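Read through the structure below, which is laid out as structure tokens, and then see the notes.
First the proteins, then the strands, lettered A, B, ... as listed; each starts at 1. Not measured: the values here are computed from a predicted model. Values below: every heavy atom of this structure, side chains too, minus hydrogens, waters and symmetry copies.
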Amino acid sequence: MKLTRREFAVAATAAFASMGLPRLASARSPLVVPTYGGLWAKFWEEKLLPGLKEATDVEPQLDVGLGKDFVSKIRAGGDRSPYSIFMGNENIAAILRAEGFFEPFDVSKLPNAANVYPQFVNKDTNGIRSIISPIGLAYRTDMVKTPPTSWHDLWENPEFKGRTGLYQIGNTGAVVFLRLVGELFGSGPDDFDTAFAKIKELLPFSQASWSGELSTALMRGDAIVAPVDWTEIMVLQDKGAPVDIVAPKEGVLAFEQSFNLVRTGAEKDAAHAYLNYVLDANVQRDMAKAFYTSPCNKASELDDEIRKRTPIVGDRMSEIRSYNWDSYVDKAADIADRWNREMA
Amino acid sequence: MSAVEAAPRASVRPPGVGRFGPAWMLVPALVLLIGFFALPYITIITMSLREASTRAVYGDGFTVAHYATALGDPYIWGILGKTLLIGAIVTVLTLLLGYLVAYHLARSRSRWTSLLYIFVLSPLLVGLVVRTFAWMIILSNNGVANKTLMTLGVIGFPLQLMNNSLGVTIALTHVFLPFIILPLLGNLQAISPDLAMASRSLGASRMRTFLKVTLPLSLPGIQAGTILVFVLSISAYVTPAMLGGTGGRTMSVLVVQYLVDNFRWPAGAALAIIMAGVAVLVVGLYLRLTARAMRRLP
């Protein structure tokens, strides 16, 4: 068939126009559910989303990436965010919150929120920290004679000198560690000068972008001790690796996955239904089984075997050091820049 | 003017060519050029000139402060210098290694030659992340390289082979080797073996023949391959990010940290533009020098 220019132009216009038809034909668009790769994506695909579909009328569509990717997409989306709900570490979520991208949840649509430990619910329910992965001190059982019991051991145990692994500043693990060191040695979590000075005392140390890289450093023996989340270490243990993790006596840190309602998202009711499902006691229990996370729902019950391996549960949830990130937002870029310059 | 003279003007227009002549055929090319080249650059340049903001992607106003800050920062210059140095070393190493391989492939008449082609191209079939992980296994403190050297008694304690520029340079040399072999191979295959034979028959040694005949004639391949490897090396991200650590940080890693980790889009965009500008200068200078050398060829 030979098309004239005019016929071609008409056909092309029709084709472009038809791309928008599915959106028009459907009364509701699916809820885009952001999550991370690896074990997380597997759990969302195989367990969480099928359960969500069964329990609600939400039609979810998975989007796998990093919290920072989701930030970029929400920012780039402007008045039409691709997400109605954001999941990311609380320190990252605080940036978008400060920019006005989030709005408070309607608690009447979140019955399960009533059972969440109060420390994980932000002021005015503007964000709920719904998946808690505690960070303890992991170490090589075959290479460390005196296992750590305190964060101070990183400075005081001579075995660890030059063989410590830390997250890079781009990872939330480094940021919470920085604030912890400010608390332990200085005037508080905002005492960054003291924190930088103390962490510099640990140099040279291996730096890793994410937990998998830290566990690789542990497995190679490049690092014999490192602050890492339980998830990573339990998975290594399951593979037979000679590693263990302890909760230091001063308390543990945590990756707190903050769920936030995106003001510029289109599916707010579905977003509420999704978060309510995530906060469900049984779903929190299933996550603990899959990721060794600490259920943030007080009613969530773990069997003894899981409790043994996921010790920060129930009353021990108060050991988690949660930080307020509102004051940190303006300083975040400078602190990251300073870390990159000084921790080399 | 007669009617006979005027009539043919309209009839000579080929079928399908309108009043505007064949110019409309340029439209797809222009759309591609603008959409894929000009627009992204314009967007990045514009973003690099926006004011910073901690409450939005960028502020409302315009400023050149990001350029001024970056250009006045010795830390940035240090990383820029290190990036260019890594690029230069990788280019020289790949040229030396790649020339040997390309020369052999171009001259070989063995039935195993096709197997060698597969060896040359096979690294490209494996993902970059996988190859970089392989280098992590080789170069780490308890890796294959250190363990072998310690077993042989060459070293008493592990050498720091990664988390610095050395690891990045080694891995990038491996990663980009095929990118110099292929243009060199095409060039060397185009040089007639008769020229070398003529040189030998006139009494020139093998080395003199190579230096005076083959090497000068392969300069176009060297130029194309080295530029390709240099540009790819200085803009590489995955390998420096995974193997460089804090000691081997390059401009690409720094730009991504500004954009993704620190959410400083305008400053990151300014760094990217500075990097691109410096790369254009270096490549332009190199092109002038090599073009001058090639003009002297017989």
Worksheet, complete the sentence: Checking heavy-atom separations under 4.5 Å from chain B, one finds in residues 333-340 of chain A A:A333, A:D334, A:A336, A:D337, A:N340
If you draw a 6.0 Å radius around [atom1] in [X], do more than 12 non-hydrogen atoms from other residues or ligands fall strictly inside?
X: B:K147; atom1: NZ; result: no
X: B:Y41; atom1: OH; result: no
X: A:D142; atom1: CG; result: yes

Worksheet item: Contact part of A:L66 toward chain B, heavy-atom cut-off under 4.5 Å: side chain, backbone, both or neither?
Response: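 Neither part.
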Item to complete: Go through B:M136 and A:R220 one step at a time and tell me if the side-chain contact (heavy atoms from CB on, under 4.5 Å) criterion holds.
Response: CA-CA 10 Å; B:M136 285 171 88; A:R220 287 198 311 253; 3.8 Å; yes
Worksheet entry | Any donor-acceptor pair under 3.5 Å from B:N141 side chain to A:D222 backbone | no
Worksheet item: A:R163: what forms a salt bridge (charged side-chain N to carboxylate O under 4.0 Å, His left out) with it, not counting sequence neighbours?
Response: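 Counting only residues at least two positions away or on another chain, A:R163 forms no salt bridge (charged side-chain N to carboxylate O under 4.0 Å, His left out).
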Fill in: Residue B:D73 versus chain A: region with a heavy atom under 4.5 Å
side chain
Please report the interatomic distance [atom1]([X]) to [atom2]([Y]), rounded to the nearest 0.5 Å.
X: B:L259; Y: A:K68; atom1: CG; atom2: NZ; answer: 12.0 Å
X: B:W265; Y: A:S72; atom1: CH2; atom2: OG; answer: 4.5 Å
X: B:F133; Y: A:E213; atom1: CZ; atom2: CD; answer: 7.0 Å

Fill in: Max heavy-atom pair count under 4.5 Å with chain B, selected residue of A:R341, A:Q168, A:R97
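Heavy-atom pairs under 4.5 Å are most numerous for A:R341.
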